[in-house]
Amino acid sequence: MGLQEEVELLRNIPLFAKIEASKLKLLAFTSERLTYAEQDVLFEQGDVGDSAYIIIGGEADIVVNTPGGPLVVATLKQNEIVGEIAILCDVPRTATVRAKTQLTTLRITKDLFFNLVIEFPQIAVEIMRELAHRLEQTTTKLREAVAEAQS
Amino acid sequence: MEQSIFKYILRYSASQQIFLLCVILAFYPFLFITLDLPKIIVNRAIKSGGAEGPFDVPIFGFEIPVDVEQVTYLLILSFSYLALVFITGGFKYYISVFKGRLGERLLRRLRYQLYSRILRFPTPHFKKISQGELIPMITAEVEPLGGFIGIAFADPVFFGGQLVLIIGYIMLQDWVLGLAALALIPIQGYIIPRLQKKVNALGKQRVQNVRRLADHLGESVSGINEIHANDAAKLELSRFGDRLGTIYDIRYEIYQRKFFIKFINNFIDKLTPFFFFSIGGYLVIQGGLTVGALVAVLNAYKDLASPWKELLMWYQQKEDVRIKYEQVVEQFEPQGMLEEKLQLTEPDGSTSLKGDLLVSNVGLADEDGVRSLDAISFEAPVNGHVAIVGDGGSGKTDLGLVLARLVRQTSGTITIGGIDLGQMPESVTGRRISYVGANVNLQAFSVRDNLLYGLKHRPVRPAEYEGLAESVYKLRLSESAITGNSEDDYKADWVDLEEAQVEDNISLNSRVIEILKLADLDEDVYRFGLRGVVDPEEQPEVAARIMSARVALRERFSDPAVAQLIEPFDADAYNRNASVAENILFGLPVGDVFDLERLAEHAYIREVLEKVGLSDDFLEMGKQVAQTMLELFADLPPGHEFFEQFSFIESDDLPEFQAILGRASRGPDGSSEEDKLQLISLPFKIISARHRLDLIDDQMMQRILEARHMFAENLPENLRDNIAFFDGETYNAAASLQDNILFGKLSYGQAQAENKVGALIGNVVDDLDLREIVMIAGLEFQAGIGGARLSQGQRQKVAIARSLLRQPDLFILNEATASLDAVSQNKIIENVLRASEGKGIVWILNRVPDAEQFSKIVVLKSGRIFETGTFDELSTAGGEFQTLLEVG
């Protein structure tokens with residue numbers, strides 16, 4: 001796949017939909033495209049985070065270590081972004097991400113990510129939207145869990 | 001050392017100096033005849049009108065009459081003159097060479113002695129004297145001494161003799177004039193030394209200040225990070241400037257005074273003719289002296305000037321050298337130097353340490369009397385395992401140094417088996433006792449030589465010399481003996497196999513490998529080995545086995561699950577994970593003729609491109625690359641890290657390329673040759689799998705392959721040695737072991753390809769039993785200056801391995817694993833203790849819980865022993881040890 005195709009691909013991701021083509025090209029050129037075999041690990045819970053990943057093809061599991069062993073809490077699909085929390089607030093990785101199928105990702109380094117966020121407020125808004133969405137999901141789950149525990 | 005340079009010269013070269021004086025004395029008569037013969041030729045042989053024989057030929061004052069023609073007589077005298085010219089020239093040549101050799105030999109001896117003194121300095125002295133001061137003393141400051149040593153006695157005799165001769169001649173003509181000529185010499189003799197004294201004092205100051213300057217330089221180099229981190233450049237520059245200013249002031253004053261002395265000298269020189277003219281003239285007028293005699297005296301006086309000048313010069317040089325010598329020597333005589341015999345004598349018989357290590361009442365105080373150790377007494381069998389623990393201020397580090405005799409205690413005694421540690425020669429303390437501290441400095445050798453450093457105490461097996469090499473060696477050996485240098489042959493084999501308790505070099509290798517594992521260094525050395533190169537001509541069997549690994553790895557990669565991790569080199573396929581430059585070269589450059597970064601500049605490469613018809617396409621690609629780079633990076637601030645990581649064009653060059661593209665767009669004539677070169681060099685950097693610029697399609701790949709073949713087939717003879725081509729069947733001498741096994745490029749975009757491939761290589765290496773071979777190659781890894789190419793932890797591991805290799809009776813580890821991670825520390829402590837069963841260990845621990853593995857624990861607090869005992873006793877005793885243990 002060439003640079004131009006990658007740019008087209010990025011454009012289909014909501015996060016980058018409103019960014020001008022030349023910036024997407026820079027993003028594609030400076031980001032490493034990585035292919036993972038099934039069960040390969042993108043990063044481990046507790047690692048220091050230095051980059052975020054955009055899923056271009058395939059699926060990935062988010063796995064959290066619990067006292068009862070590893071637990072798959074979500075599955076990511078094409079066009080989703082993962083790993084941005086650790087680089088946004090400098091905390092260790094909060095979960096392990098593992099390839100569920102053959103997986104292709106675009107790896108965006110911390111510096112590039114911040115560059116984009118600062119330069120393009122649209123991206124910041126998209127990320128806020130995504131984070132709020134996830135928070136909402138988490139809260140729902142928590143509420144259910146609490147209700148279950150009480151009953 | 002001798003306190004004055006003259007004593008030093010006499011002590012080491014008296015007989016040679018006397019010989020030199022004799023040669024000079026033998027030279028005088030010839031010199032005299034050479035001066036006298038022209039007069040005889042002119043007066044006797046060259047007489048117009050034909051003189052009659054017999055003529056006299058003067059030989060050393062005797063007149064020998066010969067009955068010959070006048071012309072023959074002239075020829076006899078002329079040829080005698082020619083012969084004399086040869087003889088005097090020969091004398092001068094011999095004397096000069098002799099002087100030079102004399103000086104060089106003594107200089108060599110002096111430098112050697114100074115260095116040997118450094119090796120015997122008490123270690124605390126190195127806190128007071130810096131490298132920056134020592135280096136110029138031994139290198140630059142003693143250099144002029146060599147020149148002076150040759151003339152120390154010869155010149156005053158030679159020129160003094162001439163002076164006496166000439167003054168005598170003047171006295172013969174007229175004693176009054178003679179006295180007049182001599183009258184001012186005592187005045188000069190009185191004034192000059194007085195003036196010179198001040199110059200000497202200034203010279204002394206100058207030397208000291210230059211040393212301080214060197215010191216400052218050394219400090220800046222080693223502390224460069226501190227200067228940057230504290231923004232101290234301005235301060236340092238000002239300090240340096242200040243020092244230069246001081247030196248300038250001193251030098252300027254020296255010049256003024258030196259030339260004032262010269263002025264006085266010249267004045268006095270010219271004053272004497274004043275006496276000749278006035279007194280001599282008066283005498284002539286009065287009739288007491290002939291005009292001829294006055295002229296003769298004036299001529300003689302002219303000849304007086306040159307030896308007199310030489311003598312004065314000698315005197316000034318003497319003073320200069322005297323100061324330098326004294327100043328250097330006084331720096332090399334610190335208190336408490338190790339006696340030479342303790343350092344260099346070989347022991348007779350077994351030196352192994354037995355009995356008890358007995359430390360009684362040991363104290364250590366620095367110069368100000370501050371005590372870091374006080375009344376330390378304990379006892380342990382020398383083959384026991386003792387741990388010393390304490391907090392940072394407990395003095396435990398100092399105790400370690402004292403036990404290894406690297407620092408001498410200021411009070412108390414340490415004995416081993418009843419023998420005083422202070423009286424043991426280094427052949428015992430440095431062989432039977434081993435020491436590793438927290439800071440390890442390695443030598444700038446290979447890791448292997450660093451490991452064997454502890455086995456090299458004396459030449460064990462002499463080097464073999466044949467023919468010319470043997471006579472050169474013998475000559476050098478005799479020269480070493482003459483100058484008091486070491487007569488041990490550096491090129492001999494110094495490795496003492498017996499000390500490592502092995503039979504031969506092969507078992508030494510296996511022993512080294514074993515020790516590497518004990519010191520947890522095996523993985524590091526394995527990795528060095530993979531990065532290392534092996535000469536297939538020297539080690540064909542190693543190359544062959546690496547080739548078998550290449551084959552085995554290739555088989556592994558036939559598995560589709562891993563196949564995409566690498567792209568192997570194939571002479572008939574374009575490698576998408578290699579750059580265009582690498583694809584054309586299809587080999588590794590040897591030397592710097594083909595620089596992968598600047599391949600486009602090479603004429604032969606351009607020729608190949610031209611022949612394949614790629615020049616225009618590359619130019620076109622270059623334009624597109626430049627266009628893309630401008631588009632991508634033009635908005636980024638200059639110096640942004642992306643330029644270095646991703647851009648083909650540096651940020652400073654972007655405007656330049658903008659202009660180049662502008663000129664190119666004007667048509668084919670718009671671009672200069674320089675522009676074209678700039679553009680053509682861009683596509684060489686494209687790695688198609690990484691950059692994904694879509695510029696290299698299948699057709700282009702085919703044509704680049706054509707270029708590859710053209711390049712190899714037509715490579716001129718003189719360039720053949722500058723490239724090692726990739727060939728699936730042969731070992732590539734320019735590539736590392738890993739690249740030889742891999743024989744391909746890691747694929748871009750495959751997650752963790754490096755780790756996965758590394759693991760696969762590891763598997764193959766183990767399957768084929770190659771790990772040892774790789775490790776032995778890894779032992780050749782160069783440690784760099786002070787071991788700088790190794791991490792602090794690796795250096796510590798090398799030092800521990802080195803000590804284990806020679807199996808000391810007592811092994812002192814002074815926080816020797818402090819730079820390592822916890823896992824390594826645990827491993828090493830366990831391994832070292834296990835490997836040293838029945839041998840002594842004193843371990844100054846940086847982690848208190850480790851003490852559990854030792855049979856005796858000594859607990860220090862504030863320089864005193866707080867308690868001693870076993871782990872079980874102390875851990876519940878409620879004392880210092882328990883506190884330390886609980887703190888962690």
Side-chain angles (χ1 to χ4, degrees), chain A residues 1-10 19-44 47 50-51 53-58 60 82-83 97-99 101-116 118-120, chain B residues 557 559-567 576-577 621 624-637 639-649 651 654 685-698 700-701 746-757 759-760:
Chain A
M1 202 185 322
L3 211 52
Q4 208 52 50
E5 288 169 79
E6 248 162 53
V7 171
E8 291 305 317
L9 208 141
L10 284 175
I19 299 179
E20 55 188 287
S22 72
K23 289 299 154 199
L24 282 183
K25 203 166 178 182
L26 179 66
L27 178 65
F29 189 71
T30 54
S31 302
E32 198 178 355
R33 200 176 53 189
L34 285 173
T35 309
Y36 292 85
E38 207 180 307
Q39 295 303 316
D40 270 359
V41 172
L42 276 70
F43 50 79
E44 295 270 2
D47 284 356
D50 61 348
S51 39
Y53 298 80
I54 294 166
I55 299 190
I56 299 178
V82 65
V97 173
R98 199 172 57 204
T101 60
Q102 162 115 344
L103 179 76
T104 311
T105 67
L106 200 63
R107 178 169 164 264
I108 304 177
T109 62
K110 190 174 174 177
D111 287 339
L112 185 62
F113 186 77
F114 274 112
N115 260 352
L116 288 171
I118 289 164
E119 219 171 315
F120 304 102
Chain B
F557 278 114
D559 177 359
V562 290
Q564 74 279 9
L565 290 178
I566 73 158
E567 187 177 7
R576 292 168 44 83
N577 288 290
M621 274 201 282
Q624 288 184 33
V625 171
Q627 196 76 55
T628 310
M629 293 303 135
L630 282 170
E631 185 190 339
L632 288 177
F633 295 101
D635 291 346
L636 288 179
H640 193 282
E641 58 180 314
F642 282 179
F643 282 105
E644 203 187 313
Q645 284 177 17
F646 302 106
S647 179
F648 285 40
I649 300 170
S651 60
L654 275 183
K685 300 177 186 171
I686 299 176
I687 299 170
S688 52
R690 178 182 171 203
H691 295 122
R692 321 190 291 279
L693 289 171
D694 294 332
L695 287 173
I696 304 198
D697 54 15
D698 290 348
M700 179 55 75
M701 287 182 194
L746 285 180
S747 297
Y748 282 96
Q750 295 298 326
Q752 293 136 25
E754 200 172 340
N755 292 341
K756 287 180 184 171
V757 170
L760 277 173

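Residue numbers start from 1 in every chain, and the chains themselves are labelled A, B, ... in the order their sequence lines are given, proteins ahead of strands.
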Using only atom types and a distance under 3.5 Å, with no angle test, would you say the side chain of B:Arg692 pairs donor to acceptor with the backbone of A:Glu6? no

Taking atom CD of B:Glu754 as the centre, does the number of heavy atoms from other residues, nucleotides or ligands within less than 6.0 Å exceed 12? no

Separation between CD (B:Gln750) and CZ (A:Arg33), nearest 0.5 Å, reads 10.0 Å

Working to the nearest 0.5 angstrom, can you tell me the gap between A:Leu26 CG and B:Thr628 OG1? 12.0 Å

Of all residues at least two apart in sequence or in a different chain, which pass the salt bridge (charged side-chain N to carboxylate O under 4.0 Å, His left out) check with A:Asp111? none

With sequence neighbours excluded, residues passing ring pair (Phe, Tyr, Trp, His ring centres under 6.0 Å) with B:Phe648: B:His691

Go through the atoms of B:Gln752 and report whether side chain, backbone, both or neither lie under 4.5 Å from a heavy atom of chain A. side chain

